[in-house]
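Here is the structure we will look at.
Note that the coordinates shown come from a computational prediction; the quantities given were computed from them, not determined experimentally.
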Amino acid sequence: MAKLNIEQAHALPLEEVKRRLQELADRLSVKYGIDARWTSDREATLKRTGVSGVITLAEDKVAVLLDLSFALLPMKGKIQERIARELKSALA
């Protein structure tokens, strides 16, 4: 499996970050079939065929750690770019 680690800085209260990430997760669920579930106030897991991972909230950044299946390896760069763009937009 290939690993992706994406971080996005923010200057928002944690509750606002969580709300915005939930909205993003809801959109991505409809579009890509991603299942995201909050496991604590600061961590969520996500799954979809070929992808699993964890989203972690900190006071000043959001970190996304994903494991991609070998089938998705050729799209690793596009996936990383898309996630970084979505995070930046959601947390702006």
Side-chain angles (χ1 to χ4, degrees):
M1 291 200 128
K3 296 203 180 288
L4 286 178
N5 188 6
I6 303 145
E7 293 185 352
Q8 176 62 49
H10 70 82
L12 301 167
L14 286 179
E15 285 302 316
E16 179 65 15
V17 172
K18 189 174 177 179
R19 184 188 68 74
R20 291 181 185 200
L21 290 177
Q22 185 61 54
E23 288 175 0
L24 175 60
D26 292 344
R27 278 198 329 268
L28 296 178
S29 176
V30 171
K31 191 169 185 176
Y32 299 109
I34 295 172
D35 179 33
R37 298 179 191 269
W38 291 99
T39 56
S40 72
D41 283 345
R42 292 188 181 219
E43 190 171 279
T45 59
L46 55 99
K47 291 183 186 177
R48 120 158 227 195
T49 303
V51 179
S52 63
V54 178
I55 300 169
T56 306
L57 308 182
E59 297 295 329
D60 60 347
K61 69 180 176 182
V62 172
V64 179
L65 179 60
L66 299 177
D67 289 321
L68 303 178
S69 70
F70 288 115
L72 293 177
L73 194 55
M75 298 187 307
K76 180 181 176 181
K78 279 188 162 186
I79 293 169
Q80 185 165 2
E81 180 183 302
R82 179 64 186 240
I83 292 169
R85 188 173 54 230
E86 291 284 351
L87 279 176
K88 186 175 182 178
S89 175
L91 300 175

Are Y32 and L21 joined in one hydrophobic group, where the rule is that I, L, V, M, F, W and Y side chains link up if heavy atoms are under 4.5 Å apart? yes
Decide whether V51 and M75 are clustered together by the hydrophobic rule: side chain heavy atoms of Ile, Leu, Val, Met, Phe, Trp, Tyr closer than 4.5 Å, transitively. yes
Indicate the atoms forming the closest heavy-atom contact of [X] with [Y], along with that distance.
X   : Y   : result
R82 : K31 : NH2-NZ, 3.4 Å
L14 : R42 : CD1-NH2, 3.0 Å
L72 : G50 : CD1-O, 3.5 Å
A84 : Q8  : O-OE1, 4.3 Å

Taking the side chain as every heavy atom from C-beta outward, state whether [X] and [Y] have any atom pair closer than 4.5 Å.
X   : Y   : answer
K3  : N5  : no
V17 : L91 : yes
L46 : L66 : yes

Give, for atom [atom1] of [X] and atom [atom2] of [Y], the distance between the pair rounded to the nearest 0.5 Å.
X   : Y   : atom1 : atom2 : result
I34 : S52 : CD1   : OG    : 11.5 Å
K61 : I6  : NZ    : CD1   : 13.0 Å
E43 : D41 : CD    : CG    : 11.0 Å
E7  : L65 : CD    : CG    : 10.0 Å

Residue pair L4, V64: steps toward the side chain to side chain contact (heavy atoms under 4.5 Å, CB included) verdict: CA-CA 8 Å; L4 286 178; V64 179; over 6 Å; no
With a 6.0 Å cut-off (strictly less than), is the heavy-atom count around NZ of K18, excluding the residue itself, greater than 12? yes
Please step through salt bridge (charged side-chain N to carboxylate O under 4.0 Å, His left out) for the pair E16 and R20, ending with a clear verdict. CA-CA 6 Å; E16 179 65 15; R20 291 181 185 200; 2.7 Å; yes
Contacts of type side-chain hydrogen bond (donor to acceptor under 3.5 Å, both in side chains), residue Q80, not counting sequence neighbours: none
Under 3.5 Å donor-acceptor, T45 side chain and V54 backbone: no
Under a 4.0 Å threshold between the charged nitrogen and the carboxylate oxygen, would E23 count as salt-bridged to R27? no
Walk me through it: do E15 and R19 pass the test salt bridge (charged side-chain N to carboxylate O under 4.0 Å, His left out)? CA-CA 6 Å; E15 285 302 316; R19 184 188 68 74; over 6 Å; no
